[in-house]
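To start, the structure itself, in structure tokens.
Just the heavy atoms: all of them, side chains too, but no hydrogens, waters or symmetry mates, feed the values below. Along the sequence shown, the residues carry numbers beginning at 1.
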Amino acid sequence: MLALTWLPCVPALAQEAAGGAIRGTVLDREVEAPLAGVRVVILGSVLETRTGEDGTFLFSRLPAGSYSLAFTKEGYERQVLSGIVVVAGKMADVRASLGIEVVEMEELVVTGGDLALGEEGGLLDIRAEAVAFQDAISADLISKAGASDVAGALKLVVGASITEGKYATVRGLSDRYTGTTLNGVRVPSADPRRRAVQVDLFPTGTLENLSVTKTFTPDLQGEFTGGGVDI
């Protein structure tokens with residue numbers, strides 16, 4: 001006669017219970033919020049994982065014993081938790097908080113002086129850093145050229161010209177598209193029939209420099225579509 005022996009079915013969960021597990025949560029120390037993407041490593045082994053969007057992680061099927069975990073994330077201080085005891089068939093809960101890494105640097109002192117806008121050297125520095133096509137002439141150059149007013153000084157600027165002896169034009173466009181400012185403030189026209197400003201009214205003896213912008217940028221006046229002259 002054949003004898004049959006009945007063997008109970010062991011669920012997979014019961015098989016996993018033969019080992020222990022470590023479950024934990026990693027928080028930002030400053031705001032007490034879950035921290036995602038933290039690298040969690042069991043020291044002395046090759047086991048590692050990363051926290052999810054909710055800041056949690058899990059190591060399962062671990063042999064019973066004592067473990068140490070290392071937590072690292074770019075921009076945060078590294079933290080190590082030791083003495084985490086794992087018991088077979090049980091879950092060990094861990095809670096860690098990482099603080100922002102602060103790097104103290106040596107004191108940096110920046111010294112310098114104001115640019116000499118009345119000299120060619122200072123204007124060259126401004127032109128080199130300008131985001132638009134720009135040209136400028138200093139009081140030194142105007143004095144050497146013998147120009148008595150802005151109309152005469154503008155003849156020294158490449159791309160700028162004078163019409164009727166007093167209206168500035170840039171890149172050959174009509175003078176109505178050229179704006180004129182004094183220290184960055186718009187200058188109105190003295191002629192009620194024209195928008196263009198009579199630049200021959202400004203003597204060069206009181207000028208520090210003369211700047212001509214040849215392309216429009218958002219920081220300029222709305223009428224600077226053809227170009228701009230800043231006295």
Side-chain angles (χ1 to χ4, degrees), residues 1-115 122 124-134 184 213 215-222 224-225 228:
M1 179 179 291
L2 181 64
L4 298 178
T5 303
W6 178 77
L7 296 176
C9 179
V10 180
L13 184 61
Q15 293 178 359
E16 293 184 8
I22 298 177
R23 176 180 59 189
T25 304
V26 183
L27 303 176
D28 184 305
R29 187 180 302 164
E30 304 297 328
V31 296
E32 290 293 323
L35 200 56
V38 179
R39 182 169 175 257
V40 186
V41 179
I42 297 181
L43 298 181
S45 72
V46 296
L47 299 177
E48 69 172 67
T49 186
R50 291 186 181 271
T51 58
E53 293 297 329
D54 57 354
T56 61
F57 67 92
L58 174 66
F59 288 105
S60 59
R61 299 184 182 181
L62 296 177
S66 181
Y67 294 88
S68 295
L69 300 182
F71 304 87
T72 56
K73 181 178 174 65
E74 185 177 356
Y76 288 83
E77 296 178 347
R78 182 174 182 266
Q79 185 178 11
V80 176
L81 294 181
S82 303
I84 302 172
V85 179
V86 174
V87 179
K90 293 186 177 181
M91 185 85 69
D93 288 316
V94 175
R95 181 185 176 93
S97 59
L98 302 184
I100 297 177
E101 184 178 15
V102 179
V103 179
E104 293 187 4
M105 303 177 64
E106 296 182 1
E107 182 180 1
L108 178 63
V109 180
V110 179
T111 59
D114 295 334
L115 293 174
L124 286 174
D125 291 338
I126 294 177
R127 288 159 59 185
E129 298 177 2
V131 296
F133 289 104
Q134 189 179 53
T213 303
T215 55
F216 179 77
T217 55
D219 60 309
L220 298 177
Q221 298 285 338
F224 275 41
T225 52

Residues which pass side-chain contact (heavy atoms from CB on, under 4.5 Å) with V109, listed by chain and number, not counting sequence neighbours: E107, T111
Closest approach of V80 to A70 (non-hydrogen atoms, all atoms of both residues): CG2-CB, 4.2 Å
Value rounded to 0.5 Å, distance of CZ in R39 from CD in E74: 13.0 Å
Answer yes or no: is there a donor N or O on one side and an acceptor on the other, between the side chain of R29 and the main chain of S97, under 3.5 Å? yes
Separation between CG of D28 and NZ of K73, rounded to the nearest 0.5 Å: 9.5 Å
Write down the atom of L81, the atom of R95, and the distance for their closest heavy-atom approach. CD1-O, 3.9 Å
Considering all heavy atoms of both residues, which atom of A88 and which atom of A64 are nearest to each other, and what is their separation? N-CB, 4.1 Å
Side-chain heavy atoms of L58 within contact of T49, under 4.5 Å: no
Reported CG-to-CZ distance for the pair L35 and F71, which is rounded to 0.5 angstrom: 11.0 Å
Would you give the length of the straight line joining atom CZ of R50 to atom OG1 of T72, rounded to the nearest 0.5 angstrom? 7.0 Å
Report yes if the side chains of I42 and L69 come closer than 4.5 Å at any heavy-atom pair, otherwise no. yes
Partners of R23 by salt bridge (charged side-chain N to carboxylate O under 4.0 Å, His left out), sequence neighbours excluded? D93
Ignoring hydrogens, what is the shortest heavy-atom contact between S68 and G83? Give both atom names and the distance. OG-N, 4.2 Å
Closest heavy-atom contact between M91 and A21? SD-CB, 3.4 Å
Suppose we screen for salt bridge (charged side-chain N to carboxylate O under 4.0 Å, His left out). Which residues come up paired with E101, at least two apart in sequence or across chains? none
From I100 CD1 over to E30 CD, what is the distance, rounded to the nearest 0.5 angstrom? 5.0 Å
The single option from V38, V40, T25 that satisfies side-chain contact (heavy atoms from CB on, under 4.5 Å) with F57 is V40
What pair of heavy atoms forms the shortest contact from V86 to L62, and how long is it? CG1-O, 4.1 Å
